[in-house]
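Report on the structure given below.
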Amino acid sequence: MTSDSKTSVQLDFIGSLERTHKLGVLRSTDAGQTVTLMGWVNRRRDHGNLIFLDVRDRTGITQVVFDKEVSPAAHARAEAARPEYVVAATGRVRVRGEGLTNPNMPTGDIEVVATELLLLNESKTPPFPIADADTNVNEEVRLKYRYLDLRRPELQRNFELRHKVTRAIRDYLSDNEFLEIETPLLTRSTPEGARDYLVPSRVHPGHFYALPQSPQIFKQILMIAGFDRYFQVARCFRDEDLRADRQPDFTQIDLELTFPKQETIFRVVEGFLRAAFATANITLPEGNFIQMTYDQAIRKYGIDKPDMRLPAMVDLSAEVTPELRESLKIDPTLPILGFTIPSVGELSGTARKALLAEVRTSFGETGLDLLDVARLRTAQAFAPLAEAITTALTNELAAFTNNPQITTNNSADLHIVVTPKPGTPSMWNYDPQWIYKRVGQLRLDLAKKYADKHKLFEQTKTAADFKFLWVTDFPMYEWSEEHKRWDAAHHPFTSPHEDDITSGRLTSDKGAVRALAYDIVLNGTELGSGSIRIHRQDVQAEIFRSLGMSDEEAQARFGFFLNALEYGTPPHGGIALGLDRIVMILAGATSLREVIAFPKTAKAIDLMVDAPTPVSDIQLRDLSLRINTRS
RNA sequence: GGGGACGUAGCUCAGUUGGUUAGAGCGCUGCCCUGUCACGGCAGAGGUCGCGGGUUCGAGCCCCGUCGUCCCCGCCA
């Protein structure tokens, strides 16, 4: 503490001194060279007449020795050095003697015997240690002192990885005839979708720019303009509540191309992901990523972004005979779903009952219930049912377990079976889709709860950690309870399947219309989302109408775009992937904040620069704004 | 908007049933130490227990409110 007020350290000017090597590079083959190293003091070990300084930069750490007998002056300077001081050391590289090497450091075979030390800058005692790799510091402190947090090797690695991934993607797309084209950040509000960040116009009082939620319309216009293939590492802005994997401003790999099939786009994305992962020394298997429809995803996983690191759900309807259904009074139109959480270990009877009770409580008044398979087995009448269910679940697990990461061990696996309670769907006011989703959620909750046991979420830094898939044929429309209308599930420029247009379903059966829209999913996280776009003005107008938008309204909102569509728009489509999420998963991080240099808190505050802030009355007056604080 | 967890020394945390002067490890400061690499030894400094109010003879601990951080739901075309 008192060091903070200490001003006695005499600092040195750098003069004409030049750095000869970075701190991760010297090896025994460099022995004998005279070198000048510059960096931060990682640690100081003071043995009196012998002092060791570990000097650190982004590339690594090198041990510098100060021997009073070799250079009393340098030794005296080293006595004053403290952690995070910036130093320049000159000396000779020496191979360390027998028993003195450090096998844990790449530079551990050598050390530099210093003849001179310059203290280029001092440092206050950092609020948290930079040198400790396993530091577990409150994020509030880390974000306030982000410049120190970023100095930690762990984060430096994350940002090196991010750079490499970004570069690999840029190179791959460039090599495949994509042009990187920038689009404006000051643009116009598009009323659908997330809330916009708005920027008031000084020149046009009462008018606002919006920061783009994505470059969607611009990239489509670039296709109309004939650029053929476009991409951009694009900043995007959405004013919605945050999560561990959601920041208000974030980066997308945005791309669009003309005359594509869905598969054209899939192959491009698979190509650049393979290249990106290769830079992290992860070789993704050859061949296309697996693919399933939205409908299949919901039925097998209860979610549109399945985590393929876990076994799927199984519809056990076939195992429950009609007579049994009758006697259990379970509605025949509703699914009975089971799934397995592998390798949770044997649960005692008490533990099993407690778990089931907890789950039942979480179901609340939803009309779902659990079958206790273990108990069913003990009742003679139901033993065959228990057997059939267990067999079905075990078969699914066996299929899944082609994955060498786990082994099947029946008694250690947790089987969960969810049934609708006796009664009709109308009684409980749900549809089958809702059941799939609820059980899918339970599957994820329990998998998280037992993550330490099954270890399926653990990173081994091999390709087996990363389970990609494409989800296709999303619904075109989504019923909005809030607005009592059909909204575009993806965005209103998405093309429906052509036969859904010709069949008239756009008006007659909106819920059944499938879009040429697709997501790419990695380990249960949505990495990206795209679609084949509408390229005909008449179809676009019809879609707007089907969304309840009058021609006048469509003109007012998207007139410029509808006009552009009338000048020879080629068929086109594309996708955008969250770069931050790709890097996060690749880095083994669980929060975007670990891979964004200057992230915001859950309340969208930047704790380092302290943003947002109020602005002066003069600024407000220039913008013709008045603050009306809500009470 | 809703639910949950957390907030005590610079950092990570402990703090019993409400009871005297609030502790530990790391870090920091001073001294000693020529082979350490999480160096070691001795001594020392460091606290508005997030903030405000209440209950009580007495509050880090109980109650109410508030602020902040994290996680989840809603929301995120």
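Proteins come first, then strands; the chains are lettered A, B, ... in the order of their sequence lines, and each starts at number 1.
- Applying the side-chain contact (heavy atoms from CB on, under 4.5 Å) rule to A:Ala31 yields the partners A:Val95; only residues at least two apart in sequence or on another chain are considered.
- Contacts of A:Tyr477 classified as ring-ring contact (aromatic ring centres under 6.0 Å, His included), with partners at least two apart in sequence or in another chain: none.
- Among residues two or more places apart in sequence or in another chain, the side-chain contact (heavy atoms from CB on, under 4.5 Å) test is passed with A:Phe363 by A:Val359, A:Thr366, A:Leu368, A:Leu370, A:Val418, A:Arg438, A:Leu442.
- For A:Thr569, the side-chain contact (heavy atoms from CB on, under 4.5 Å) criterion is met by A:Ile224, A:His535, A:Leu565, A:His572, not counting sequence neighbours.
- B:U8 and B:G47: their C1' atoms are spaced 8 Å apart (whole Å).
- Comparing the C1' positions of B:U20 and B:G30 gives a spacing of 32 Å, expressed to the nearest Å.
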Could you go through nucleotides 2-6 of chain B and list every protein N or O atom that sits under 3.5 Å from one of its N or O atoms, giving the distance for each pair?
none

Inset, instruction - Using a 4.0 Å cut-off on protein heavy atoms (strictly under), produce a 5'-to-3' string for nucleotides 31-36 of chain B with B for base contact, S for backbone-only sugar-phosphate contact, and - for none. - result: --BBBB
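- Taking the ring-ring contact (aromatic ring centres under 6.0 Å, His included) definition, one finds that A:Phe237 meets it with nothing, sequence neighbours left out.
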Inset, instruction - Quick one, give me the B/S/- string for nucleotides 65-73 of chain B, reading 5' to 3', where B means a protein heavy atom under 4.0 Å from the base and S means that only happens at the primed atoms, P, OP1 or OP2. - result: ---SSSSSB
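- Take A:Met105 and apply the side-chain contact (heavy atoms from CB on, under 4.5 Å) test, not counting sequence neighbours, and it matches A:Ile61, A:Asn102, A:Thr107.
- Residues passing the ring-ring contact (aromatic ring centres under 6.0 Å, His included) test with A:Phe457 are A:His454, sequence neighbours excluded.
- With sequence neighbours excluded, no residue satisfies ring-ring contact (aromatic ring centres under 6.0 Å, His included) with A:His497.
- Residue A:Ala131 is out of contact with every strand shown, counting any heavy-atom pair closer than 4.0 Å.
- For A:Tyr436, the side chain to side chain donor-acceptor pair (under 3.5 Å) criterion is met by A:Arg299, not counting sequence neighbours.
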